[in-house]
Amino acid sequence: MKRREIVKGIGALPLSGGIIGGMLSWTKADANPPAPAARNLLQELGVRSFINAAGTYTAMTASLMHEEVIEAIKASATSFCMLNELQDKVGEKIAQMTKAEAAMVTSGAFSALTLGLAGILTGTDKTKIQSLPQNLEAAGMKSEVILQKSHCIGYEQALWNTGVKLIAVETVADLEKAINAKTASMHFMNCNALSGQINAEDWLAIAQKNNIPATIDIAADVPPVTNLWKFNEMGYSYVAISGGKALRGPQSAGILMGKKDIIAAARLNHSPNGKTIGRGMKVNKEEILGMYVALEKYIATDHEKEWKLWEDRIAVINNALKSIDGVTTTIKVPPIANHTPTLHVTWDKSKINLTNDEFMDRLRKGNPSIEVVSNAEGGFNTTVFMLKPGEEKIVAKRFKEELLNTK
Ligand SMILES: *Cc1c(COP(=O)(O)O)cnc(C)c1O
């Protein structure tokens, strides 16, 4: 029997050393017998896996962790430590990297928004901490958060979870009228910065003039890498970012960074502390370390080179599609959030008799399965920043096949 066959055979034997004893003679070079074959759990469970030509969508599990992140998770899984001590040390490092006074790892940007606001509301007062999300005013807390109407697309629920009342405004005049003694913070959602009447600079200036903390959600807003520190340097009181989107850390991790007092108070509202609004937003040691390493890796990335790689991949797909009769392609880069080359594809339905739903369904059911997202023009959008090397060729070929397969 060849060595390979023997090794293959081991999998079928009970896990008892005695049975195979004598059958195998490991050479010195084989001091570590091979690890058991990795299980393909998605396959075992019948869960569809796919090429992600869509982007960092939460429901699609957003992004794949870098090797370094997976290593950090594996390496830390076999040792105990005190959760608070780990948060202290990692928080210091993240704060240095993001030019913030302080930072902490949270369970996503959403929980960062809740915990940051909880910190503003309660400070270090234990009674207030235990009171959230109820009776804010009775417990002596402020109880309102102001934000722009166009920034309310759902993520403001993270603020509302603390029990505050949200006040939506449109103009500077509205804003100045809304500010009062109950105002806890003024929140800005950066991805909709261009759809509101008040920009991030003016929002902050008005908050500072009124002595109110300004807070900001930049969940999906790297690249550019400079956004990691831009809002800390500007003077925002807290900044929330997702760990599992373009940063490619653990999907359920995120970062809250900002003023020392607020982060310290947010920590008190968080796991492992019981009787807190954040007890259920636990982050384990593996995710804390994974987040840390992902941030390190992201900052050290050659972003220009990466951008060029994305442009090359988009070109491969664009070149395959643009000459098809009836197809229109456009490369766009969203100005804020998911700031990466994005190919918009539409087609003349009188020339290509295929709806976008049918097209996406065929991609999904194909082999390999592929995900893209539909666009407002009746076609689809595709990005390449979540592709593995070489997948752009597979994706280009499949798109073309299905657009030509309408007879
Ligand atoms: C994704 C996203 C969030 C939530 O981030 P998680 O890390 O999934 O908790 C919040 N705000 C915006 C604008 C987002 O895009």
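In listed order, ligands and their atoms are each counted from 1.
Protein heavy atom at the shortest distance from atom 7 (O) of ligand 1 is S242 OG, 2.6 Å. Of all protein heavy atoms, the one lying nearest to atom 9 (O) of ligand 1 is F110 N, 2.9 Å. The protein heavy atom nearest to atom 11 (N) of ligand 1 is D217 OD2, 2.7 Å. Ranking protein heavy atoms by distance to atom 3 (C) of ligand 1, first place goes to Y155 CE2, 3.3 Å.
Per-residue contacts place K245 under 4.0 angstrom from the following atoms of ligand 1 (heavy atoms of the residue considered): 1 (C), 2 (C), 3 (C), 5 (O), 14 (C), 15 (O).
Heavy atoms of Q251 stay at 4.0 angstrom or farther from ligand 1.
Looking at H187 and T215, their side chains do bring a donor and an acceptor atom within 3.5 Å of each other. In this model, no donor atom of one side chain and acceptor atom of the other lie less than 3.5 Å apart for S374 and N356.
Looking at S49, its side chain never comes within 3.5 Å of a backbone N or O of V47 through a donor-acceptor pair. Proximity of a side-chain donor or acceptor of N284 to a complementary backbone N or O of E287 within less than 3.5 Å is detected.
An N or O contact shorter than 3.5 Å is missing between S107 and ligand 1 by distance. The distance criterion of under 3.5 Å between nitrogen or oxygen atoms is met by A109 with respect to ligand 1. Taking distance alone, with nitrogen or oxygen atoms compared against 3.5 Å, A220 stays at or beyond that limit from ligand 1. Residue S111 has no nitrogen or oxygen atom sitting less than 3.5 Å from a nitrogen or oxygen atom of ligand 1, judged on distance alone.
Taking the ring pair (Phe, Tyr, Trp, His ring centres under 6.0 Å) definition, one finds that F385 meets it with W310, sequence neighbours left out.
Ring pair F399/F359 is tilted by interplanar angle, where 30° to 60° counts as tilted.
Looking only at side-chain heavy atoms (C-beta outward), N210 and Q208 stay at 4.5 Å or farther from each other.
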